[in-house]
Amino acid sequence: MTKEEIVELILKENKFESLNPVQRKAFEMGILDGENLVVSSPTSSGKTILAELAGLNVSLNKGQKMLYLSPLVALAREKYEEFKKKYEKYGIKVALSIGNYDSSDPFLEKYSWIVCSNEKADSLIRHEASFIKDVGLVVADEIHLLDDFERGPTLEILLTILKEILPSAQFLAFSATIKNAEEIGEWLGAKVLKSDFRPVPLYKGILVGNKIKMFKRESYELRSDLSLEESIVEDTLLKKKQLIFFLSSRKNAEALAERLSNLVFHFLEEKEIKELEKISQKIEKALEIPTEQCKKLANCLKKGVAFYHSGLVFFQRVLIEENYKKGLIKVITSTTALAFGINLPNWRAVVRDVKRYYPGLGSIYLPVLEVEQMFGRSGRPQYDKWGEGILVAKNKEEERELNEYYIRGELEEISSQISSESALRMHILSLVANRFCKSQNQLVEFLKKTFFGKKYGQVEILKEKVEGIIFALEDWGFLKTQEIREDGEVVDKQLMVTKVGKRISQLYIDPLSANIFIENLINCQKANEFSFLSFLAKAKELKPSPNLSSKDIFLIEQEIFENQDWFFFPIPDEFDEEYEEFLREAKLAMIFSFWINEKSEKEIMQKFKITPGELRSRIEIADWLIYSILEISKLVPVAKQIQKLLRKLRVRIYYGIKEELIPLVKLEGIGRLRARLLFNAGVKTIQDLKGKPVEKIAQILKSKTLAQKIKEKISSQ
DNA sequence: CTGCTCGACGTCTAGACAGCATGTC
DNA sequence: CTAGACGTCGAGCAG
């Protein structure tokens with residue numbers, strides 16, 4: 001297929017007349033000749049199309065694969081759907097590979113385009129996935145994530161590895177507009193394409209008092225008899241548009257949503273009210289028993305407003321996104337959760353809280369890049385002539401600062417976060433585990449090839465850390481080393497992974513967590529539920545631990561006191577520095593403990609001030625950690641009774657049940673509530689179920705269809 | 001006596017990736 | 001770059 005034909009195909013599938021300026025530039029720069037490119041341009045400037053262009057070229061003309069890396073599972077899913085819809089009919093087989101949902105791990109060989117999260121790609125390499133060798137194109141989306149303290153290093157190491165094992169593959173890296181795209185280009189051996197192109201122009205402004213001062217556009221005034229939030233909402237709704245507020249905390253987001261809902265309600269049409277009523281009910285029923293948060297959200301939704309943050313459960317988030325797109329929801333009040341997420345078309349973005357709290361630093365201005373992301377999607381092609389991004393200033397003085405910093409100011413540089421100790425620890429183990437680096441010198445050589453190495457020209461600062469980490473990893477039994485001598489002098493250190501080390505690298509847990517597990521479990525003879533849960537909460541993966549409130553402390557200390565004889569790790573003294581963290585861990589343990597003792601979600605939420613979304617994600621992590629501990633315990637001596645306790649605990653945490661319900665939840669469609677109903681009615685095992693007539697089961701479960709399904713299931717076993 | 005307003009004081013703070021085996025609201 | 005919004009509770013005041 002010629003270049004022109006590929007472009008033709010892309011235009012047809014995307015229903016475009018012609019390539020946009022960014023795309024044309026990429027074409028001229030040789031994107032279809034295998035040229036490496038770093039593209040730095042705003043969200044919505046059509047970067048995905050570039051991946052499609054190069055992807056078609058590589059797959060149709062060379063029979064190679066495209067590996068598409070995304071920082072977010074939600075984004076990965078979105079791209080996957082999009083690619084599939086457009087190009088499957090041309091013989092491009094598209095796969096999605098992310099944690100939790102895996103279309104086809106071992107069969108990725110058969111697919112031409114593989115969409116995955118950065119971490120999943122890293123994990124695939126650790127598992128020595130064989131398809132990697134067939135990759136002819138690597139696309140890294142949102143590469144400014146390199147700057148993220150926790151997740152940046154994974155992306156950096158991943159790209160460095162991919163560059164090494166795929167020397168002739170084409171690399172495309174996409175970034176939001178950043179200052180030092182050239183440096184990234186230099187690192188990846190890529191040409192740099194910088195552009196400010198947006199399909200719909202974005203105008204920025206600052207709201208002070210009741211006046212919006214627009215930059216490069218006429219300013220305007222709002223009503224002064226309303227609060228500033230209300231007046232800007234009114235102005236937007238009168239223009240028949242929608243808006244998103246960005247706020248600094250969940251509490252703020254919820255409070256503002258409630259405050260705005262009565263105003264927004266007046267703008268709704270009869271038909272919309274009916275529709276919203278339906279959605280509101282769905283939102284409220286997202287959990288077994290609606291929590292206060294669900295009710296609050298449902299109430300706001302009835303009036304056309306939604307708050308949005310990670311404390312919501314997945315289903316609720318999706319509903320809000322969908323109905324904002326449809327135009328039913330008029331206003332969203334959000335935390336930063338929406339800034340990075342999926343493509344949510346919008347007209348006006350209002351950053352009300354330009355500062356955010358950072359522990360130890362107090363409240364400081366958001367990075368320019370982040371504010372740009374929030375503004376990013378304002379202005380929808382086809383609907384709007386322009387979009388607006390508005391910052392809220394409290395006074396003249398702040399207005400001046402915001403203007404200087406965000407409107408006229410420069411973007412930050414992206415830098416490498418690879419020198420973070422925990423990142424190095426994790427990745428050094430994995431680099432040795434997959435035999436990528438076989439000696440300490442090789443490791444240092446590898447680090448020279450990272451963005452860090454290229455940017456600073458040397459890795460001396462890392463050397464010492466590397467040595468320390470290797471020492472620790474060896475000490476923990478995850479690595480073996482052997483000195484290499486020349487003329488009696490030590491010149492290098494050979495590195496070999498142990499069996500445990502290899503497994504830990506594959507399980508994708510922090511070696512430090514793994515070591516804590518092993519050290520404590522090897523000599524552990526007895527543990528109970530609570531002591532084990534407190535132990536689990538020590539893992540880095542479950543940090544940060546929940547915050548303590550003053551009334552929690554009594555409750556937690558009492559629980560600790562009752563279980564004190566069961567702890568198999570030292571309890572810090574009340575006056576030790578670690579004591580507070582210990583209490584916070586114990587709080588998480590109590591939350592889990594309530595959960596597996598079948599306390600209602602509502603009670604847990606209220607008692608511990610935790611949100612449904614948060615509980616879910618913690619449970620997921622705990623499940624993964626227990627699985628990992630079980631896997632590790634196959635390789636180190638751990639008492640049989642402890643393993644047994646763990647296996648039971650895993651099922652109980654996953655479902656939130658007492659031990660007696662374990663046999664029942666194995667059935668599809670039976671969760672913690674239904675299992676309890678059955679048990680209390682005397683149905684305690686699958687055998688009991690077999691002995692009961694369908695009608696009886698239906699009566700217990702209050703559902704005929706479910707009873708029918710269960711009966712079919714057990715009779716076919 | 002009751003109900004409301006206002007201010008002092010205390011509280012609390014964003015997000016989300018990974019394993020594995022199969023099918024949740 | 002080292003805070004600030006929200007909620008609670010009680011005092012003070014009007015009715």
Side-chain angles (χ1 to χ4, degrees), chain A residues 70-76 97-102 105 116-124 126-127 145 148 150-155 158 246-256 258-259 282-288 308-311 313-316 318-319 334-341 352-367 370 394 401 405 426 430 503-510 541 544 546-551 609 612-614 616-618 620-621 623-632 650 654-655 665-666 668-672 674:
Chain A
S70 155
L72 250 55
V73 162
L75 282 177
S97 182
I98 49 178
N100 264 333
Y101 171 84
D102 207 319
D105 237 1
C116 56
S117 60
N118 299 329
E119 283 77 7
K120 183 67 185 194
D122 187 34
S123 163
L124 287 169
R126 291 175 188 215
H127 287 271
L145 182 78
D148 186 281
E150 268 141 25
R151 299 183 55 206
T154 306
L155 178 58
L158 173 64
F246 287 101
L247 304 135
S248 63
S249 73
R250 297 172 178 187
K251 195 158 68 176
N252 288 355
E254 294 187 13
L256 182 58
E258 282 189 303
R259 186 145 66 81
K282 279 194 201 168
I283 291 269
E284 198 166 343
K285 284 183 192 152
L287 295 176
E288 49 188 34
Y308 186 104
H309 55 65
S310 74
V313 290
F314 181 70
F315 176 66
Q316 293 172 327
V318 172
L319 266 182
S334 174
T335 58
T336 51
L338 261 186
F340 314 110
R352 196 199 69 181
D353 303 343
V354 202
K355 288 181 175 177
R356 190 167 62 220
Y357 173 82
Y358 290 86
L361 294 175
S363 128
I364 55 184
Y365 282 125
L366 294 170
E370 215 167 308
K394 277 167 211 70
E401 275 178 35
Y405 190 36
M426 183 118 175
S430 120
R503 194 73 189 109
I504 287 162
S505 157
Q506 291 184 335
L507 289 166
Y508 220 86
I509 54 173
D510 189 315
E541 286 77 359
N547 285 330
L548 294 173
S549 71
S550 45
K551 60 174 187 181
K609 281 199 176 164
E614 219 172 321
R616 287 292 156 93
S617 68
R618 300 278 193 172
E620 213 170 278
I621 296 170
D623 178 50
W624 162 42
L625 286 175
I626 297 179
Y627 170 81
S628 299
I629 295 175
L630 278 167
E631 284 296 297
I632 296 170
R650 185 174 175 211
Y654 190 82
Y655 292 98
V665 292
K666 296 209 167 96
E668 184 188 328
I670 303 288
R672 66 191 312 230
R674 285 164 176 167

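First the proteins, then the strands, lettered A, B, ... as listed; each starts at 1.
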Please answer whether the main-chain N or O of A:Gln506 pairs with a side-chain N or O of A:His127 as donor and acceptor at a distance below 3.5 Å.
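Indeed, once roles are kept as given, a pair shorter than 3.5 Å links the two residues.
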Heavy atoms only, 4.0 Å cut-off, all strands: where does [X] land among base, sugar-phosphate and nothing?
X	value
A:Pro71	sugar-phosphate
A:Val313	nothing
A:Asp148	base
A:Gly671	nothing
A:Asp122	nothing
A:Gln506	sugar-phosphate
A:Ile621	base
A:Lys666	nothing
A:Lys285	sugar-phosphate

Does [X] make a side-chain N or O approach to OP1 or OP2 of [N] shorter than 4.0 Å?
X	N	result
A:Ser363	B:dT13	no
A:Arg674	B:dC25	yes
A:Ser248	B:dA14	no
A:Lys120	B:dG19	yes

Residues A:Phe246, A:Thr336; criterion side-chain contact (heavy atoms from CB on, under 4.5 Å); working and verdict:
CA-CA 7 Å; A:Phe246 287 101; A:Thr336 51; 5.7 Å; no
Residue [X], side-chain heavy atoms: nucleotide from [options] that is nearest:
X	options	result
A:Ile98	B:dT13, B:dC12, B:dA18	B:dA18
A:Arg650	B:dA18, C:dC6, B:dG19	B:dG19
A:Asn547	C:dC6, B:dA14, B:dT13	B:dT13
A:Arg352	B:dA14, B:dA18, C:dC6	C:dC6
A:Glu668	C:dG4, B:dT24, B:dG19	B:dT24
A:Ile364	B:dA18, C:dC6, C:dC1	C:dC1
A:Tyr627	C:dC6, B:dA16, B:dC20	B:dC20

Could you measure the distance from the CD atom of A:Glu254 to the OG atom of A:Ser249? Nearest 0.5 Å is fine.
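Output value for this atom pair is 9.0 Å.
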Given atom CD of A:Glu614 and atom C1' of B:dG15, what is their separation to the nearest angstrom?
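Roughly 11 Å, once rounded to whole Å.
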Separation of B:dA16 P from A:Trp624 CH2 (nearest whole Å)
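Result: 15 Å.
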Can you tell me the base-pairing partner of B:dC25? Count Watson-Crick or G-U wobble geometry only, both distances below 3.5 Å, and say none if there is no partner.
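Its partner is none (no Watson-Crick or G-U wobble pair with both distances under 3.5 Å).
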Considering every strand shown, what is the Watson-Crick or G-U wobble mate of B:dA16 when both distances are under 3.5 Å?
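When the pairing criteria are applied, nothing turns out to pair with B:dA16, so the answer is none.
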Does atom OH of A:Tyr654 have more than 12 heavy-atom neighbours from other groups under 6.0 Å away?
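No, OH of A:Tyr654 has 12 or fewer neighbouring heavy atoms, counting only those of other groups under 6.0 Å.
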On DNA chain B, does the nearest nucleotide to A:Glu620 precede the nearest nucleotide to A:His309 from the 5' side, or the other way round? Give the residue.
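The residue closer to the strand's 5' end, by nearest nucleotide, is A:His309.
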Starting from the 5' end of DNA chain B, give me the residue, A:Ser249 or A:Ala74, whose nearest nucleotide shows up first.
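This one resolves to A:Ser249.
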